[in-house]
Amino acid sequence: MAEDKPWALISEKVKGDYIKDFIKIMEEHFHLICHKDLLENPLLYGPKIQAVFVWYYPYIEPSLLRLMPSLKVVANGGVGVDHLDVAYISSLGVKVTNTPDVVNDATADIAMGLLLASARKIVEGYKVSTDPEITHKPFLMGVEVSGSTVGIVGMGRIGYKVAQRSKGFDMKILYHNRNRRSVEDEQVVGATYCDKIDDLLKESDFVVLVVNLSAETRGLIGHRELSLMKPTATLVNVSRGLVVDQDALVKALQSGSIRAAALDVTYPEPLPRDHPLLHLPQVVITPHLGTSTDKTTGKMVQRAVENAVAAVKGLPIPDEVKPN
């Protein structure tokens, strides 16, 4: 019966924009209450809420958690939970979940899309082709992708998908990972393991970052690492903005230490309109589009709902994230 459905909190921004086409999936199992309505009447709604669905919004802060004494789960849409204080939330007896696996293909696709756009000057070509002031065909010289060397930093689920796609371009594939993958995994995509990230940086024409944000990976790519890259190399980041020291990246691009950068993530998001990265011609930036496809978003919503339902009912949770 509808009246028996538990209550869940969701951001009005997400409900109205990002997942509006998938709200029915959530409403099959939950009464949805928007963040704004909770804040306007916390005594009425707060005690009812047992789940929160998060796509970056709403911000899960202690002040918000205190309004929801019956909360059982924070269900995150996406893999990364660096925006959540998992240890604190868990200390309250509240479960945290994410949605691994379903985001792999879409994120790997955007990595390759950025790599190709940067290498073949697709954005510049579009601007030239549509600029009414340009009446001649300019010569936009790109760099070859097929047969080049790609270095993948972070060979988890998404990184391995990037390797599969790179194989299709006959690329030499290097990778650096916290743990080496099996020989069989390496042979399937033709990947070579680099025990030291420095070796990968020195040899790669394209360096693709696909790591989770953690204390170990924050600022992973800085002045030193960028100086090791080829002056003809491109940095592609589809992980998190804070993995890269952006000030160091700006200097590397301005000085010609590296050729280009292609970024789906920055910090903050979006960048201030006067940020130098937005005004460098050799930079391609997209607004964190990694998982933004209809198919993947639908799968993410479905998985988030499954996790939330399990937590509310006290059942085994498919994708529980536990504090380190």
Side-chain angles (χ1 to χ4, degrees), residues 11 13-14 17-18 54-59 76-84 98 103 106-119 121-124 126-127 150-154 156 158-159 162 197 201 204 206-227 229 233-293 296-297:
S11 165
K13 182 178 296 189
V14 174
D17 259 348
Y18 186 53
V54 179
W55 272 264
Y56 294 101
Y57 305 100
Y59 296 123
N76 183 64
V79 179
V81 292
D82 48 276
H83 54 295
L84 300 174
N98 66 350
V103 305
T107 308
D109 286 350
I110 202 73
M112 294 305 295
L114 284 167
L115 189 156
L116 289 164
S118 177
K121 296 188 177 294
I122 291 173
V123 176
E124 296 95 319
Y126 170 79
K127 291 177 179 177
V150 61
I152 302 170
V153 182
I158 297 170
V162 173
I197 191 174
L201 296 171
S204 300
F206 300 92
V207 175
V208 183
L209 305 178
V210 206
V211 296
N212 292 325
L213 180 62
S214 66
E216 290 74 27
T217 61
R218 185 180 293 262
L220 178 67
I221 303 298
H223 290 285
R224 189 190 75 83
E225 290 75 22
L226 291 163
S227 70
M229 292 172 61
T234 299
L235 181 71
V236 180
N237 188 8
V238 294
S239 55
R240 287 291 186 268
L242 286 166
V243 170
V244 177
D245 179 338
Q246 287 182 171
D247 292 336
L249 178 59
V250 168
K251 291 180 180 178
L253 290 163
Q254 290 174 334
S255 68
S257 178
I258 66 172
R259 186 190 74 88
L263 314 170
D264 189 42
V265 289
T266 59
Y267 66 91
E269 293 177 354
L271 288 172
R273 299 297 89 179
D274 60 350
H275 195 284
L277 278 175
L278 299 180
H279 305 285
L280 292 173
Q282 67 272 52
V283 178
V284 176
I285 299 180
T286 49
H288 207 149
L289 298 177
T291 61
S292 297
T293 71
T296 293
T297 301

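Between Val238 and Val265 the shortest side-chain heavy-atom distance does not fall below 4.5 Å. You'll find the side chain of Leu242 stays beyond 4.5 Å of the side chain of Asp82, heavy atoms only. Taking the side chain as every heavy atom from C-beta outward, Leu226 and Lys251 never approach each other to under 4.5 Å. Pro287 is listed as a side-chain neighbour of Leu289, based on a closest heavy-atom distance under 4.5 Å. Two residues are said to be in side-chain contact when any heavy atoms from C-beta on lie closer than 4.5 Å; Leu253 and Leu277 meet this criterion. Contact check for Leu220 versus Glu225: no side-chain heavy atoms found under the 4.5 Å cut-off.
In terms of heavy atoms, Asp245 sits closest to Asp247 at OD1-N, 3.1 Å. Residue Glu124 comes nearest to Pro281 through the heavy atom pair OE2-O, 3.6 Å, listed as atom of the first residue, atom of the second, then distance. When every heavy atom of Leu213 is checked against every heavy atom of Val243, the shortest pair comes out as CD1-CG2, 4.1 Å. Of all the heavy atoms in Val210 and Gly159, the pair that sits closest is CG1-N, 3.8 Å. Residues Asn212 and Thr217 approach most closely at O-OG1, 2.7 Å, considering heavy atoms. Closest approach of Ala248 and Gly222 over heavy atoms only: CB-C, 3.9 Å.
Here Lys127 contributes atom NZ and Lys121 contributes atom NZ; the two are 11.5 Å apart, rounded to the nearest 0.5 Å. Note that the OH atom of Tyr56 and the CG atom of Asn76 stand 7.5 Å from one another [nearest 0.5 Å].
Residue Ile258 forms a side-chain contact (heavy atoms from CB on, under 4.5 Å) with just one option from Leu201, Val207, Thr234, Leu249, and that option is Leu249.
Counting non-hydrogen atoms of neighbouring residues, nucleotides and ligands closer than 6.0 angstrom, the OH atom of Tyr267 exceeds 12 such neighbours. Around atom CG of Asp109, more than 12 heavy atoms belonging to other residues, nucleotides or ligands sit under 6.0 Å away.
Checking side-chain atoms of Thr266 against main-chain N and O of Pro268 turns up a donor-acceptor pair under 3.5 Å.
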